[in-house]
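All remarks here apply to the structure that follows.
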2 protein chains.
Amino acid sequence: MEFRRLKYFLAVADELHFGRAATRLDMAQPPLSRQIAALEADLGVQLFDRSRSQIRLTQAGLVLQDHARQLLDRLDVAYRETKLVGSGGAGRLRIAFVGSASHGLLPTLIKSYRSFYPEVELALSSMNNAELQRALVSREIDIAVARPELRDEEFRREPLCRERLILALPDNSRFAAQDQVRLADLGDQTFVLYPRRPRPSYADVVLGICEREGFKPAALELTQDFQSAISLVSVGVGLSVVPESVARTQRPGVIYRPYIGHNPGTALTVHARLDNRAPQVMNFLEITRKFARKGQADGRASS
Amino acid sequence: MEFRRLKYFLAVADELHFGRAATRLDMAQPPLSRQIAALEADLGVQLFDRSRSQIRLTQAGLVLQDHARQLLDRLDVAYRETKLVGSGGAGRLRIAFVGSASHGLLPTLIKSYRSFYPEVELALSSMNNAELQRALVSREIDIAVARPELRDEEFRREPLCRERLILALPDNSRFAAQDQVRLADLGDQTFVLYPRRPRPSYADVVLGICEREGFKPAALELTQDFQSAISLVSVGVGLSVVPESVARTQRPGVIYRPYIGHNPGTALTVHARLDNRAPQVMNFLEITRKFARKGQADGRASS
DNA sequence: TGGCCTGATACCTGAAAGGTATCGCCATTT
DNA sequence: AAATGGCGATACCTTTCAGGTATCAGGCCA
């Protein structure tokens, strides 16, 4: 049984006339008659009552007509849904990102993607860089937004934004009164850094900056992620060095200050597996590229 | 899109291996690969992720897999239901019969048909011969059980049973005490006969018998059908001449007596349109034939 | 009875599906 | 790093089957 036959059958059942049905199907009458005969032979069932000049559907024909209509409708639905998902207009996209990305451009990027593809279900989660890498490799996620970028030959990378580093201080810090703080003056402070594992990590980037400024922090507190680090800062455990965008979201007990000293900045990068050509992923990367260009332009304009 | 492709697709989706899927489908691998490729081209959608040695379904593939399974299942249902109805195992059969048939062999015949074909919905109705003829011609019914048989070249006929005529008397009749009644003695009685229209009808058959016995009923009461006639007998309006089988069902106010005199008997005949080859009809006629043979044999045995 | 309408049949052509052989890529092995 | 094996894709041929044209056959009407 093939869909074509069902279509032919429905045409004849509608017209109750082989000639007209053939015209409607844009074909000649003989092959249509043959297809219907084949369908009847296939089922071993009389579908049309040809005893008089006017053709009529038999009971079996009426039953098949019902089913055929439904089948063709459902085929159409299957077609359209598959195409929609296959073109990225629907489906699912699993995005994970570092905690420090939840304040800057990323939320806007995600909102933009959602406005373009509202039917795509987003599964968002937050991880540190090491977890991002593992999850992307094992295909638990489709997109990893990492800081700094993940070193893996299997990944496709799209830079999202680059930003300067600033200090996050407890509001009772003795540096809170200064508009700018010299990094070199912070040798006696406790630095709250992250992630603890695996090393080397972003923590080591900050320690490298300190070293370049000629000191080594008096004390170190290592947390697993950015969120915990800021929490510790807010309760006065120590200070931290964080991406500038974090300052956009104020938090009780924490104040942000630019610093004087080496500032290599930090970049947020969007990753996907090279072999993941899913349209949802490609579309997300496409929008990421647009955002990166726009962000860069904005950055230039404001600098 | 054709069902074959969906079947192929499901095999590959199940096996996630073209070679094994081809084996399962009892075909070579290259044409299978080509069919899947054609399906993907047709949809304009990637269904399998072939980037690694292990094949995987894409999101679109998963969506199509769901739909394809349902479509094939529903096709199977459509197939089976159509075949069932087409073979007479289900569907609908519209039977109409003369009122006087509701007491004899017909109910048993119908019960027997129902036991063989319990899924066939029966639409039963009662009509007089003239209505039966009209309804059968206009295809409002499939089967007409008439008495006597309908004269129409377009009908197929199966004799169901032949029976003697007996008298139906009010229980207060002066003939009620007799075991047998001479028909010729009934000249002064009111005869309740049916149907009133169209004439000549069964009423005229009875009048013919009277004439042959040398009398003409003193009074005549014509009703439209057998049921009304018996009702009039039960309230003492007059007597009637009815098929023997009617006596099997007793009714208050009515007693039945064989009569002495000309008794041409009466036959119940099952009719269907010659051009109605519906399996439900053919099966009913088949069972009717069996019943007629059996009824005839029974009749011989008991005579 | 002849003409017409309509579906069925005969026969041919072309498109498409299936088969065999083989290629090319990747992954594993030594 | 080259060899090997597994697997899907491609090339090319064969076969099958759907579609087209011409024509037949039966029912209906004049």
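Being a predicted model, the structure only gives us computed values, none of them experimental. All chains are named by letter (A, B, ...) in the order of the sequence lines, taking the proteins before the strands, and each is independently numbered beginning at 1.
- No donor-acceptor pair under 3.5 Å is formed between the side chain of A/Arg273 and the backbone N or O of A/Asp142.
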Every protein N/O within reach of nucleotides 15-17 of chain C N/O, cut-off under 3.5 Å:
from: C/dA17; atom 1: OP1; to: B/Arg5; atom 2: NH2; distance (Å): 3.1
from: C/dA17; atom 1: O5'; to: B/Gln35; atom 2: NE2; distance (Å): 3.0

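- Remark: the backbone N or O of A/Pro279 is paired with a side-chain donor or acceptor of A/Asn283 at under 3.5 angstrom.
- Between B/Arg80 and B/Asp76, at least one side-chain N (NZ, or NE/NH1/NH2) sits under 4.0 Å from a carboxylate O, which counts as a salt bridge.
- Under 4.0 Å is where a charged nitrogen must lie from a carboxylate oxygen, and between B/Arg5 and B/Glu2 no such pair does.
- Between the side chain of A/Gln70 and the backbone N or O of A/His67 there is no donor-acceptor pair closer than 3.5 Å.
- Rounded to a whole Å, the CG atom of A/Leu274 is 13 Å from the P atom of C/dC26.
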Structure string for DNA chain D in dot-bracket form, Watson-Crick and G-U at under 3.5 Å, | interchain: ||||||||||||||||||||||||||||||
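- Note that A/Lys290 lies in the cation-pi zone of A/Phe116, set by a 6.0 Å cut-off to the ring centre and a 45° limit from the axis.
- Across the protein-nucleic acid pair, A/Arg50 atom CZ and C/dT6 atom C1' stand 12 Å apart, rounded to whole Å.
- Rounded to the nearest 0.5 angstrom, B/Arg56 CZ and B/Asp49 CG are separated by 4.5 Å.
- As a whole-Å value, the separation of A/Gln29 CD from C/dA8 P is 7 Å.
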Show, in sequence, the C-alpha distance, side-chain angles and deciding distance for A/Arg50 and A/Glu40, and conclude whether the salt bridge (charged side-chain N to carboxylate O under 4.0 Å, His left out) test is met. CA-CA 13 Å; A/Arg50 304 163 168 82; A/Glu40 288 182 324; 3.2 Å; yes
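- Look at A/Ser33 and you'll find a side-chain N or O under 4.0 angstrom from OP1 or OP2 of C/dA8.
- Counting any heavy atom pair closer than 4.0 Å across all strands shown, B/Ile55 reaches sugar-phosphate atoms only and no base atom.
- Ring pair B/His271/B/Phe155 is perpendicular by interplanar angle, where above 60° counts as perpendicular and below 30° as parallel.
- In this structure, CD of A/Glu40 is placed 12 Å from C1' of C/dA8, rounded to the nearest angstrom.
- Ring geometry for A/Tyr194 versus A/Phe226: interplanar angle over 60°, hence perpendicular rather than tilted (30 to 60°).
- The distance between atom CD of A/Glu15 and atom C1' of C/dC5, rounded to the nearest whole Å, is 16 Å.
- You can see that DNA chain D meets the heavy atoms of chain B within a 4.0 Å-exclusive cut from D/dC7 to D/dT10, reading 5' to 3'.
- One can place CZ of A/Arg20 at 13 Å from P of C/dC5, the figure rounded to the nearest angstrom.
- In summary, A/Arg151 and A/Glu149 engage in a salt bridge, as defined by a charged side-chain N under 4.0 Å from a carboxylate O.
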